[in-house]
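Encoded as structure tokens, the structure appears first; notes follow it.
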2 protein chains.
Amino acid sequence: MAMPRRMLRTPSQRIEPAVLGAVVYILNEDGPDGLTVRAIAKRAKVAPMTIYNHFNGKNGLLEIVWTDGFSTLQQALGIETGDPAHDLIASALAYRNFALEHRAHYTVMFIHHFDGFVPSIPATQLAAQTFQVLVNHIQRCQAVGLFEGYSATNAAQMMWSACHGYVSIELTSVNFSSDHEGTFRSLITGLLRGLGPSLSTP
Amino acid sequence: MAMPRRMLRTPSQRIEPAVLGAVVYILNEDGPDGLTVRAIAKRAKVAPMTIYNHFNGKNGLLEIVWTDGFSTLQQALGIETGDPAHDLIASALAYRNFALEHRAHYTVMFIHHFDGFVPSIPATQLAAQTFQVLVNHIQRCQAVGLFEGYSATNAAQMMWSACHGYVSIELTSVNFSSDHEGTFRSLITGLLRGLGPSLSTP
DNA sequence: ACACTAATGGAACACTGTTCTATAGAGGGC
DNA sequence: GCCCTCTATAGAACAGTGTTCCATTAGTGT
């Protein structure tokens, strides 16, 4: 009963999910520092070279995580009932939920800068499209009198700043607030009210 | 006229400013990726070993940048005239100005995670103190009826989230807004209004 | 069953932070 | 001015990183 002279080959179809699963697992468990090519290969039970044959090295993997993340986020933000203000708030809550439930993706998309990783032009466009979903929400709100006097882009930038700021602070665990969800809700509804219709007496 | 067998020694008093200056320069010019011990030493015209003798390696340098940054920021936020709401807005603007004028420091403090860098306990306490300055602003505001129904900590968390979110997006140059300062001002004043006194008709 | 594809292990490269070494220049006491 | 101590220096060395190249050989399609 001799040891095989080398590890058995991983069937081709299982390589991609195994590697991507390893990336997400390591990011969630050990953080960005632990995400090395050799560690990914080891966890995926795959040779390091496979990461260069199947993907485009470490940056290729990050690009997939980035793209998958923005696709998921874009869908999560596309809430459309009859009430634009409600939709905007729901989208903000969905944004936070996405970050909490897909820490690994959110880290790659927004938090951690990986040495030498620059998303491709299509990947960047996908991110811009995702932002556009937010702009569309604002425009629907403007149709019913909210965000008067602001450009939709600027208003969207403000909403996104608030969401991203709160969430990124929450994820890096320097949130001094009690009741993380409640405070986030207050932030969003407060901002919506403050940027809402003029407060002059009717 | 022979070349000296080795570089002349850098006088002790000039080492610290030269090295710290090099760190800030490289962070501003090449970003976090370019900040290597050898690059710092080269730019400071100093031997790499000096960084380990004088400071505590790369992490020691980062800790100094962190500490200096929070000291400066804490002072910049300590605005106190008679008008609490005005002071809060002025502090928010000062926060953004600090980030723009001290990109390198802001990067180390809030944006980039450096492999293996964990600020010491005193350094972390200094950061918490800085946050407390914001809480104090909120409390003064509450004394004149603003932020009713919110805990000061939670309200401060919301304000900081908005500031940090906007600024970090601006620094990583994915700001879609026109008029960066104006939009930031709108964000802050809008949030202040939205979290302000109840909007029920008088 | 056979041929082709591609996953494997291992060596190698340039880079990183870090430690250790012997050397010799700077600074202070006389 | 002289000498002695302190320490900044250059350089090698270590483990780790992303990445490339290699011969070997196990899967896979026909």
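The chains referred to below are lettered A, B, ... by the order of the sequence lines, with proteins before strands, and numbering in each begins at 1.
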Task: ring-ring contact (aromatic ring centres under 6.0 Å, His included) against B/His137, all qualifying residues, sequence neighbours excluded - done: none
Open item on the list: Which heavy atom of A/Ala41 sits nearest to which heavy atom of A/Ala47, and what is that distance?
Closed with: CB-C, 4.0 Å
Task: Out of D/dT9, C/dA7, C/dT18, whichever nucleotide has its closest atom nearest the side chain of B/Ala47 - done: D/dT9
Task: B/Phe131 side, atom CZ; B/Phe70 side, atom CZ - distance, nearest 0.5 Å - done: 11.5 Å
Task: Any donor-acceptor N/O pair, B/Tyr166 side chain to A/Gln157 backbone, under 3.5 Å - done: no
TODO: Applying side chain to side chain contact (heavy atoms under 4.5 Å, CB included), run through B/Leu100 and B/Leu171 and close with a yes or a no.
DONE: CA-CA 7 Å; B/Leu100 296 181; B/Leu171 284 190; 3.8 Å; yes
Task: Nearest to side-chain heavy atoms of A/Tyr52, which nucleotide of D/dT19, C/dA7, C/dT18 - done: D/dT19
Task: Separation of D/dC22 C1' from A/Met49 CE (nearest whole Å) - done: 10 Å
TODO: Using whole Å, report how far CZ of A/Arg14 lies from P of D/dA26.
DONE: 19 Å
Open item on the list: From CG of B/Asn56 over to P of C/dT18, roughly how many Å is that when rounded to an integer?
Closed with: 8 Å
Open item on the list: If the cut-off is 4.0 Å, is A/Thr50 near the phosphate of C/dT8, judged by side-chain N/O to OP1 or OP2?
Closed with: yes
Pairs under 3.5 angstrom only: tabulate donor-acceptor contacts from the side chains of residues 107-115 of chain A to other protein residues two or more places apart or in another chain.
residue  : atom : partner  : partner atom : Å
A/Thr107 : OG1  : A/Arg103 : O            : 2.7
A/His113 : NE2  : B/Asp33  : OD1          : 3.1
A/His113 : NE2  : B/Asp33  : OD2          : 3.2

- [ ] Nearest whole angstrom, please: distance from the C1' of C/dT16 to the CZ of B/Phe114.
- [x] 14 Å
- [ ] If the plane angle is over 60° it's perpendicular, under 30° parallel, otherwise tilted; pick one for B/His105 and B/His102.
- [x] perpendicular
Task: Spacing of B/Ile15 atom CD1 relative to D/dT7 atom P, expressed in whole Å - done: 11 Å
- [ ] Nearest whole angstrom, please: distance from the C1' of C/dG17 to the CZ of B/Phe117.
- [x] 15 Å
- [ ] Please determine, for the side chain of B/His54, which listed nucleotide (D/dA8, D/dG18, C/dT18) has the closest atom?
- [x] D/dA8
- [ ] Using whole Å, report how far CD1 of B/Ile26 lies from P of C/dG17.
- [x] 10 Å
Task: Whole-Å distance separating the CD1 atom of A/Ile51 from the P atom of D/dG18 - done: 9 Å
Task: Contacting residues from residues 32-42 of chain B, given that a heavy atom lies under 4.0 angstrom of DNA chain C - done: B/Leu35, B/Thr36, B/Val37, B/Arg38
